Number of protein chains: 4
Amino acid sequence: MARKIDPEQHEGKRQEILAAAHRCFLRNGLQGASISMICKEAGMSPGHLYHYFPSKEAIIEQMADDYLAALHGHFGGHGKETPTATVLLSELWSMSGWDDLSHCRILFELLAEAGRNPRIHAILRDNTDGIRDLLTATLATGQARGEVDPSLDPRHTSAVLVAVLDAAPMLPLMTDGLDFEESRKLITTMISRFLRPQP
Amino acid sequence: MARKIDPEQHEGKRQEILAAAHRCFLRNGLQGASISMICKEAGMSPGHLYHYFPSKEAIIEQMADDYLAALHGHFGGHGKETPTATVLLSELWSMSGWDDLSHCRILFELLAEAGRNPRIHAILRDNTDGIRDLLTATLATGQARGEVDPSLDPRHTSAVLVAVLDAAPMLPLMTDGLDFEESRKLITTMISRFLRPQP
Amino acid sequence: MARKIDPEQHEGKRQEILAAAHRCFLRNGLQGASISMICKEAGMSPGHLYHYFPSKEAIIEQMADDYLAALHGHFGGHGKETPTATVLLSELWSMSGWDDLSHCRILFELLAEAGRNPRIHAILRDNTDGIRDLLTATLATGQARGEVDPSLDPRHTSAVLVAVLDAAPMLPLMTDGLDFEESRKLITTMISRFLRPQP
Amino acid sequence: MARKIDPEQHEGKRQEILAAAHRCFLRNGLQGASISMICKEAGMSPGHLYHYFPSKEAIIEQMADDYLAALHGHFGGHGKETPTATVLLSELWSMSGWDDLSHCRILFELLAEAGRNPRIHAILRDNTDGIRDLLTATLATGQARGEVDPSLDPRHTSAVLVAVLDAAPMLPLMTDGLDFEESRKLITTMISRFLRPQP
DNA sequence: TATGAATGAGGGTTCATTCAT
DNA sequence: GATGAATGAACCCTCATTCAT
């Protein structure tokens, strides 16, 4: 009897390729990273790589999807009781991964690509929608509890909050010798003052 | 008999090339836009283009410099008396160019590139420094006038403000059917609440 | 316990592969059809396919042999008494398969390949020899009966007849909106006038 | 002042490439001949070749067009007075190029390709139409002069004649040690008996 | 028997760049 | 100043084939 495909092993290889691709994209950009580069990084021949992904585009899209899901996925684990917005936001900054911002540069690759590639645009939008839904609900709850300014539209506000959040990786790129911890506090302060009920 | 080169005409050609390159970069990305593409867009042969720029890299760098200078240059025209921070910020949003955000996508190309290209990184940093100096001074003046929260460190705060400003073009990419005018108001509100003296 | 290979089943698989290959070659040409394509068409893995054929070349050669044998094999079933040449020829056109000429395009693949591949050349020649032998004998019989022009050399004439026969599939490729039935009649007329005793 | 493109030199290079491609196609087939092979044959780098042709497909199509025009083009030079059909046909066989049939194998490549590539199909059809028009007119004239069987439909007959003509290169491929001169005479006899008025 | 993993050379094509004119 | 000829490495991807299971 012939061996059927082992889905676990297959998926494992896919993940290896995606991880290798992620590293290459980080080093050289989405277009600058070549398939042969990714193959070398993954210890794999080009022919074999195409056994797991039909095209470079597919690798980019899967990587984008996974990356954005991971980036925004830290919010999902807070359990049943939704925290107030301010608490939630303050927790954002403590999430793992933000400590090493370098890997966040891929976000800019994706933003750039999204402007001209409809599929990447859709992936970005869909992944953003997920976290916006959560933020919108959290803001509404906060408003009901009197912890968030009720005059702010939750839906619109959620978009601004995500943008501000994702803008943080800009800071080390734009400024030299940045004290990121200090900037983190400032952004937290800004959001806190933004959201809280006005006198 | 031989004509000396006319510096003005020479500079004019350079500008034409840079404008053509900008359009190509916008359409295809920094790496996706090819020299021959730029040549076609500029109505010029490759040999001739290399008369004005020594390499594609040089075109990208010059374009980056010009673009960032223009993007952040709107603040320079306010004359002698520095406006208060809040007024300044509110004016940011009325600056020409923000109406059509599409051209801002190049910013993300540059942010992505800056992460792996030290020369682009330097150009980005230097151009950001200029506006940060201005913002820092404005914030300090605002604090002296009692219009800005004196507990905010002007230098750090300027970095956050620039990041928030540059994050705005993310919004249309991340969200579908965005009401950008509404978002603009929200960001203005956020900054205003952030900066104003706390009770 | 181990099953011995079943020669019948083995041959059955080979036929399946050859049929799948034939369809692929028809769609994409001998070189344009890939092994993986043939595998998909045959519902088989590449490793398994190589269990039945040692190489793609072997598949092509076997397919060529089978195809030519089938193409020219319609003449074999006429029993003991050889028909006169004219009758034989008129029957050629009623043979099954000529109604759908599309599958005959493979003949041109083989002719093209035969020009540079000695093995295909040999297969083509050998298969043609078979039908030429039959035609030669038929022509000689016809001459003996006074139904065929005795001045025609039977051996040379048989080659021309086969060529004319195999040229028929060119017609739909070369002319638009061809009335193939009409052309069939014309060719029959041509051969009939060619062969019959001259006054 | 810059040198404008020299159309003659440009066309000359194109012809060189086409000639090199023709030789490669003859040796290895349309799909078997690679661009790098053609480049080597033409003494040219791949980048440069693509300066003259946008794709391999374009090379094939141009080659096909030129080849078929040359193959069928020998009929054009007969001047004003159309010869009778029999004379015309007899002249076909004396045309230069038929002596070396090897280059005619490309015809089979084109026939095979025409079956699955609509553009090659169109090129083949269009080129065949040209010679069919001439043959049709010649046949009609021959009928008016009483030299051609008036019961033959000139249009349909022209198609059959072209097919028979183009089938000639099959003979050396199909038969071993062929006396091509003898076959030529046989085909001429066949056509002559086919066309002449019946008693 | 039968599978899919695995290879690496080669496919067509584009690239940034240089050079003679 | 300005052109288009010319390069050859590298691009993404597919190929026929082998091998462990």
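All values reported here derive from a predicted model rather than from experimental measurement. Throughout, protein chains are lettered first and strands after them, A, B, ... in sequence-line order, and every chain is numbered starting at 1.
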Quickly work out the [X] [atom1] to [N] [atom2] distance and round it to whole Å.
X: L49(C); N: dC19(F); atom1: CG; atom2: C1'; result: 16 Å
X: Q9(D); N: dT3(F); atom1: CD; atom2: P; result: 17 Å
X: M44(B); N: dT3(F); atom1: CE; atom2: P; result: 7 Å

### Query
Considering only dT3(E), dG1(F), dT1(E), which nucleotide approaches the side chain of H51(C) most closely?
dT1(E)
### Query
Does K13(C) have a side-chain nitrogen or oxygen under 4.0 Å from the phosphate oxygens OP1 or OP2 of dT1(E)?
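No.
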### Task
Return no unless some side-chain N or O of Y52(C) is found under 4.0 Å from OP1 or OP2 of dA2(E).
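For dA2(E), OP1/OP2 do have a side-chain N/O of Y52(C) under 4.0 Å.
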### Query
Sub-3.5 Å donor-acceptor pair from the side chain of N127(B) to the main-chain atoms of I123(B), do we have one?
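Such a contact is found between N127(B) side chain and I123(B) backbone.
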### Query
Do the side chain of R125(C) and the main chain of L173(D) share a donor and acceptor less than 3.5 angstrom apart?
no
Does this structure show an ion pair linking [X] with [Y], if we count only N-O contacts that are shorter than 4.0 Å?
X: E61(D); Y: K56(D); answer: no
X: R105(D); Y: E113(C); answer: no
X: E8(A); Y: K13(A); answer: no

### Task
Please work out if F53(C) contacts a base, only the sugar-phosphate, or nothing of the nucleic acid, heavy-atom cut-off 4.0 Å.
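No contact at all - F53(C) keeps every heavy atom at 4.0 Å or more from the nucleic acid.
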### Message
For DNA chain E, please output the secondary structure as dot-bracket, reading 5' to 3'. Pairs are Watson-Crick or G-U wobble, both atom distances under 3.5 Å; mark crossing pairs with [ ], other-strand partners with |, unpaired with a dot.
### Response
.||||||||||||||||||||
### Query
Which pair of heavy atoms, one from L107(C) and one from Y67(C), lies closest together, and at what distance?
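Minimum heavy-atom separation between L107(C) and Y67(C): N-CE2, 4.1 Å.
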### Message
Show the nearest heavy-atom pair for residues C39(C) and L49(C), with the distance to one decimal.
### Response
SG-CD1, 3.8 Å
Which pairs, protein N/O on one side and nucleotides 12-15 of chain F N/O on the other, fall under 3.5 Å?
| unit_1 | atom_1 | unit_2 | atom_2 | d |
| --- | --- | --- | --- | --- |
| dC12(F) | OP1 | K56(A) | NZ | 2.9 |
| dC12(F) | OP2 | I35(A) | N | 2.9 |
| dC13(F) | OP2 | Y50(A) | OH | 2.2 |
| dC13(F) | OP2 | K56(A) | N | 2.7 |
| dC13(F) | O5' | Y50(A) | OH | 3.0 |

### Query
Is the CZ atom of R119(A) crowded by more than 12 outside heavy atoms at less than 6.0 Å?
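No, not enclosed.
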